[in-house]
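Note sheet for the following structure.
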Amino acid sequence: MTNIATIGILGGMGPEATNQLCALISANTTVAKDQDHIPVITYNNSLIPSRERYAQGNGESPVPEMIRTARVLEAAGATFLLMPCNLAHLFWREVQEAISIPLVNMIEETVKYIDEHHPQSRRIGILASTPTIENGIYQQALRAHGRQLVAPDAYDQTEFVMRAIYGAKGIKGGYKDAPRAMLTGAAKRLVAEGAELIIAGCTEVSLVLSSDNSPFTVVDPLEILARVAVARAKLITEGEPREVSPVREWRGA
């Protein structure tokens with residue numbers, strides 16, 4: 001009997017990034033008809049409490065609602081789960097231990113991608129929320145692979161990165177052009193400090209910044225996650241392999 005892999009997406013962190021991941025999964029799958037696509041179950045749960053506020057000691061823990069969402073996806077038939085939020089990986093272990101299907105670790109997959117595609121790069125820049133940087137989510141993974149993270153200084157982090165993501169006219173509010181310009185400026189300063197590439201370390205950053213619209217190399221964890229999911233589903237599914245598209249270029253390559 002054919003085993004059809006079904007991708008589950010633990011979403012809502014934020015909703016637009018979740019939708020972008022769905023689009024990237026479709027875009028990275030070679031198909032000729034509807035039935036060639038990989039089944040995807042998305043729970044775009046915008047009720048999950050703020051990871052940023054909780055990590056800074058100012059809000060309700062998102063973990064119980066993340067676990068409940070993961071269990072709903074598991075019960076609905078997901079074969080494995082994706083979580084399109086970098087900061088949410090601070091709680092990756094708690095969620096993984098609460099379910100019996102794999103939860104793909106986007107941080108680890110991003111570092112693997114850098115190993116494979118940018119083996120000579122040693123100083124890695126990042127644009128991410130302050131709690132993502134303060135909790136060492138990428139630092140630890142990169143350090144284990146002999147790489148150093150280059151983060152914005154305190155002023156750029158507050159006035160450019162956090163405002164671009166969470167500000168009154170930030171990406172969370174649906175704005176794109178002004179946040180893109182702010183993030184580009186912060187990234188250019190990281191490159192001037194020796195960063196050889198830039199990780200879009202918040203899925204909101206992934207919505208506005210890529211190698212296509214930047215004068216520097218951007219590694220996009222959201223697209224890496226989509227690619228990994230397609231490859232994993234292909235390995236699980238028997239009979240009708242769903243291949244990664246040979247014509248689509250990596251935005252983060």
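We count residues from 1, following the sequence as given.
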Original post:
Going through the distances and angles, do L10 and L82 end up as a side chain to side chain contact (heavy atoms under 4.5 Å, CB included)?
Top reply: CA-CA 6 Å; L10 201 173; L82 312 177; over 6 Å; no

Original post:
Does the side chain of E65 come within less than 4.5 Å of P49's, by heavy atoms?
Top reply: yes

Original post:
Any idea which heavy atoms bring T42 and C22 closest together, and the distance?
Top reply: OG1-SG, 3.2 Å

Original post:
Which pairs pass salt bridge (charged side-chain N to carboxylate O under 4.0 Å, His left out) with one or both residues in residues 89-110, sequence neighbours excluded?
Top reply: E109-K112

Subject >> Side-chain touch L142/Q148, heavy atoms, less than 4.5 angstrom >> reply: no

Subject >> Close side-chain approach of L222 and L24, heavy atoms under 4.5 Å >> reply: yes

Original post:
Are V191 and I198 side-chain neighbours, meaning at least one heavy-atom pair lies under 4.5 Å?
Top reply: yes

**OP:** Please lay out, stage by stage, how H118 and E196 fare under the test side chain to side chain contact (heavy atoms under 4.5 Å, CB included).
**Re:** CA-CA 9 Å; H118 302 279; E196 297 164 86; over 6 Å; no

**OP:** Taking atom OH of Y166 as the centre, report whether more than 12 heavy atoms of other residues, nucleotides or ligands fall under 6.0 Å from it.
**Re:** yes

**OP:** List the atom of N86, the atom of I137, and the distance in Å for their closest heavy-atom pair.
**Re:** O-CD1, 3.9 Å

Original post:
Looking at side-chain heavy atoms only, is the closest gap between I9 and Y43 below 4.5 Å?
Top reply: no

Original post:
Under 4.5 Å between any side-chain heavy atoms of T203 and Q20, yes or no?
Top reply: no

**OP:** Would you check, one step at a time, whether the test side chain to side chain contact (heavy atoms under 4.5 Å, CB included) holds for E223 with S206?
**Re:** CA-CA 9 Å; E223 180 147 13; S206 297; over 6 Å; no

**OP:** Linking directly or through intermediates, with side-chain heavy atoms under 4.5 Å: list the remaining ILVMFWY members grouped with F160, chain and number order.
**Re:** Y155, M182

Original post:
Which heavy atom in S129 sits nearest to a heavy atom in M162, and how many Å separate them?
Top reply: CA-SD, 3.7 Å

**OP:** Check whether any side-chain heavy atom of I171 sits under 4.5 Å from a side-chain heavy atom of L183, and report yes or no.
**Re:** yes

Original post:
Can we say E204 and K172 salt-bridge, meaning some charged N sits less than 4.0 Å from an Asp/Glu carboxylate O?
Top reply: yes

Original post:
Can you find a heavy atom in the side chain of S26 that is under 4.5 Å from one in the side chain of T29?
Top reply: no

Original post:
S211 and S214: side-chain donor and acceptor closer than 3.5 Å?
Top reply: no

Original post:
Taking the six-membered ring of F80 as reference, does the NZ or CZ atom of R232 fall below 6.0 Å from its centre and within a 45° cone about the axis?
Top reply: yes

Subject >> Step-by-step salt bridge (Lys or Arg N to Asp or Glu O under 4.0 Å) determination, D153 to R189 >> reply: CA-CA 10 Å; D153 62 27; R189 287 185 283 280; over 6 Å; no

Subject >> Single-linkage hydrophobic cluster M106~V63, side-chain heavy atoms < 4.5 angstrom >> reply: yes

**OP:** Give a yes-or-no answer on whether the side chains of S100 and E74 include a donor-acceptor pair shorter than 3.5 Å.
**Re:** yes

**OP:** Could you go through the side chain to side chain contact (heavy atoms under 4.5 Å, CB included) check for I133 and Q157 one step at a time?
**Re:** CA-CA 10 Å; I133 296 172; Q157 182 63 29; 3.5 Å; yes

